[in-house]
Protein chains: 2
Amino acid sequence: MAVTLADVAARAGVSSATVSRVLNGNYPVAGSTRERVRRAVAELDYVVNGQARALAAASSDLVGVLVNDVADPFFGLIASALQREIAAGPGRLPGDGKLAVVCNTGGSPEAELTYLTLLERQRAAGVVLTGGAVEDRQHTAAVTARLARLAASGTRIVLCGRPPLPDAGAEITTIAFDNRGGARRLTEHLLSLGHRRIGCVAGPLERSTTRHRLEGHRAALAAYGLAPEVAAGEEFRDLPGRPVVHGGYDRSSGYDGALELLRKDPAVTAIVAANDTAALGVCAALRDRGLSVPGDVSVAGFDDLPFSVDAAPALTTVRIPLQEAGARAGRLVLGRSAPPPGAMATVATELMVRGSTAPPSGSAR
Amino acid sequence: MAVTLADVAARAGVSSATVSRVLNGNYPVAGSTRERVRRAVAELDYVVNGQARALAAASSDLVGVLVNDVADPFFGLIASALQREIAAGPGRLPGDGKLAVVCNTGGSPEAELTYLTLLERQRAAGVVLTGGAVEDRQHTAAVTARLARLAASGTRIVLCGRPPLPDAGAEITTIAFDNRGGARRLTEHLLSLGHRRIGCVAGPLERSTTRHRLEGHRAALAAYGLAPEVAAGEEFRDLPGRPVVHGGYDRSSGYDGALELLRKDPAVTAIVAANDTAALGVCAALRDRGLSVPGDVSVAGFDDLPFSVDAAPALTTVRIPLQEAGARAGRLVLGRSAPPPGAMATVATELMVRGSTAPPSGSAR
DNA sequence: GATGCGGAAGAAAGCGCTTGCTATACAGAT
DNA sequence: ATCTGTATAGCAAGCGCTTTCTTCCGCATC
């Protein structure tokens, strides 16, 4: 049915080996022959069979991208930039370049492992894991083992927005986000405005991103002498006046979390949310409670997602250069750019002060 | 290096054919043999080579998804639901199920064709084209031809959010969005509020989505006797008091478009934007001009993207069930659900009235 | 005019799997 | 005791490409 190399070869009056060589351009072929083959390819509308090629050459045109949910702008931005980067061939020739296989894990460890198997099955050229890692000893070990295997078989691995995996060998490159630093500067900003009762609607438990942002938050508080310094790894103390609740990175978690926070401490003057999406939920909850932002309560997000600047009021947040990170991950996963020293780069985050934060009102409520 | 079927066969003391049969479960194998093979697979951590399988079985685990930009929530929502749907195997068994290859075309016809070639190369099991089509005779013909070829070679094709391709044979299923109806109801809503000077920051020219939304808009105006009925296919008349400008689906296009609109007719009392993202830009521009929404100018979006409800003020818009559509496209592209009659379904859109639209203020500005 | 050499093309052996066909074995039927 | 039928398992031929090794040809070299 389909046109094969042999058909093209017959038409051009050469062997299939020669056609293959013309197509790949990795072996000298006389100019006239090349022309003849080219013409035959065009006339027959020949399209190579990628699977056959991959099998024979032990190569692959696929790069896997694991995300929590590609509909979440955080991941969408990374995935989009990554896809664009790898699609552009080395010589910017269209038709070279790899295809991105996007996998929604929903944050589930099992799904993560399942997709890694599926990508191993496809003998993917590379795999990029994005977003925070689930911090579970067993799961981390399982993922590390799978990644080590993949790496050993030639698949390039890049972690984007998650902490490095020390036990997996040096083959794994990491692009980490400075969540801790960003969170710290964010909370410092609130403290410097005069806030002291700062609530926290944090992300899911056992997530590296959650932990890092919380650590930054705590460090800022500690620097102001507001909370005892707690040894690393220890549970964050849920202090009166600085309550912490956990939820997801979605709007409704923010909404529910804000209500719970208000129950724990009705006098909070500021709330830092898990991310911008959750922050929108926080704002909505406050509005529904008749509290104004930032008049009664200041609210801060994280990530600086595109919609944040248009929220009401515009969200104070921490910007992460997600697209740059995604593009860089793409270059790294193809080996198109050299890995950073130590196989790990940390991308800086930037505090974006906007309308949703202001000094606390001195008045009682 | 890698473990192959033959290795497993040797370990289990059977032929590779038997191993293949156990793995695929499509041929009777004695229970004891099956057990032995299963054990060997587990002990060797065997993962089948998808490319070899695909080549031999003339099958594929890949489904292509063409989007403008997966970072755009409109496409992200569709792609996400689609991916989730196809990843779940027929028997909900993980490990069955297909992988989604996401391709950002950026709305470029050439990119669209390039990706179709790449997907043909991979012998994709299916391809889903999402979002409005570029309405160019030549390009439509080229795409139609390519899709017909793909369909002929067994690749299932689904169009999601774009008009059907009549000349491509019946193999192509279409899920169309009722953009026209939605736009019409939206403009009717504005008219019924009393608006008569309604500006339009429309999407890109030559895009089916843009055309349909504009047609709905125009139909509503015509029904109010506000614009002459214009024959289909004719250019939309840019009437004084009802100016139309074109741009992209992004925020800055909305911003610039709004400014241009105000230049054309400083007295507009309402603006309908190309979509919600552009609407945010429109609101920002109005704000920067010192105009309040909806006090001075009402603004409406389209799509009901997740952030729209949290905008300031909440956007009146037209809801498209993007996730449902994406999931349905996933089912259709795998042949898991039967195509609708006529190979075409239109999904209804719903007017969402929120705070960004209100009756025009009687006062002069 | 025999020899050697480099450039260009072909023959053919896989890559790792699926699957049609064949072979074997044992049960029941004749 | 022979024949037929029904399970299982194996053989081997591909699937469409890449790539090594060989062959072939023309030309400069001695």
Side-chain angles (χ1 to χ4, degrees), chain A residues 1-38 40-41 44-62 95-96 118 120-125 153-154, chain B residues 1-38 40-41 44-62 95-96 118 120-125 153-154:
Chain A
M1 184 79 227
V3 180
T4 71
L5 246 206
D7 299 329
V8 177
R11 172 126 192 165
V14 297
S15 74
S16 57
T18 301
V19 178
S20 167
R21 284 161 181 155
V22 170
L23 259 32
N24 293 304
N26 51 8
Y27 194 88
V29 173
S32 60
T33 313
R34 197 179 324 137
E35 243 341 283
R36 216 145 21 97
V37 170
R38 287 250 164 80
V41 166
L44 295 178
D45 252 332
Y46 171 72
V47 175
V48 333
N49 183 322
Q51 340 211 258
R53 167 183 288 184
L55 179 58
S59 68
S60 166
D61 287 345
L62 265 31
D96 286 350
L118 254 36
E120 182 173 356
R121 203 180 263 192
Q122 297 299 326
R123 303 296 188 262
S153 73
Chain B
M1 185 77 228
V3 180
T4 71
L5 246 207
D7 298 329
V8 176
R11 172 126 193 165
V14 298
S15 75
S16 56
T18 301
V19 178
S20 167
R21 284 161 181 156
V22 170
L23 259 32
N24 293 304
N26 51 7
Y27 194 87
V29 173
S32 61
T33 314
R34 200 181 319 141
E35 243 340 284
R36 217 147 20 97
V37 171
R38 287 250 166 80
V41 166
L44 295 178
D45 253 332
Y46 172 71
V47 175
V48 337
N49 183 323
Q51 341 214 256
R53 166 183 286 184
L55 179 56
S59 67
S60 167
D61 287 346
L62 266 30
D96 286 348
L118 254 37
E120 181 173 356
R121 205 180 263 191
Q122 298 298 325
R123 302 298 188 259
S153 73

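Here is how names work: the chains are called A, B, and so on, in the same order as the sequence lines, proteins then strands, and each is numbered from 1. These figures come from a predicted structure and were not determined experimentally.
A pairwise comparison of heavy atoms in A/Ala9 and A/Ser15 identifies CB-C, 3.6 Å as the closest pair.
Summary for the helix from C/dG1-D/dC30 to C/dT30-D/dA1: the axes at its two ends, each from 5 pairs, differ by 60° when rounded to the nearest 10 degrees.
Atom OG of residue A/Ser60 and atom CD of residue A/Gln51 lie 10.5 Å apart, to the nearest 0.5 angstrom. Interatomic distance, CG of B/Leu5 versus CZ of B/Arg53, reported as 8.5 Å (0.5 Å rounding). Atom CG of residue B/Leu23 and atom OG of residue B/Ser16 lie 11.5 Å apart, to the nearest 0.5 angstrom. Atoms CD and CG, on B/Glu120 and A/Asp45 in that order, are 8.0 Å from each other to the nearest 0.5 Å. For the atom pair A/Arg123 CZ and A/Arg121 CZ, the distance stands at 10.0 Å (nearest 0.5 Å).
Put simply, the side chain of B/Val22 does not reach to within 4.5 Å of the side chain of B/Val41, judged on heavy atoms. Between B/Asn49 and B/Thr4, the closest side-chain pair of non-hydrogen atoms is not below 4.5 Å.
Distance CZ (B/Arg34) to C1' (D/dT8): 12 Å, rounded to an integer number of Å.
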What does nucleotides 13-22 of chain C look like as a protein-contact string, B for base, S for sugar-phosphate only, - for none, at under 4.0 angstrom between heavy atoms?
-BBBBBBBB-

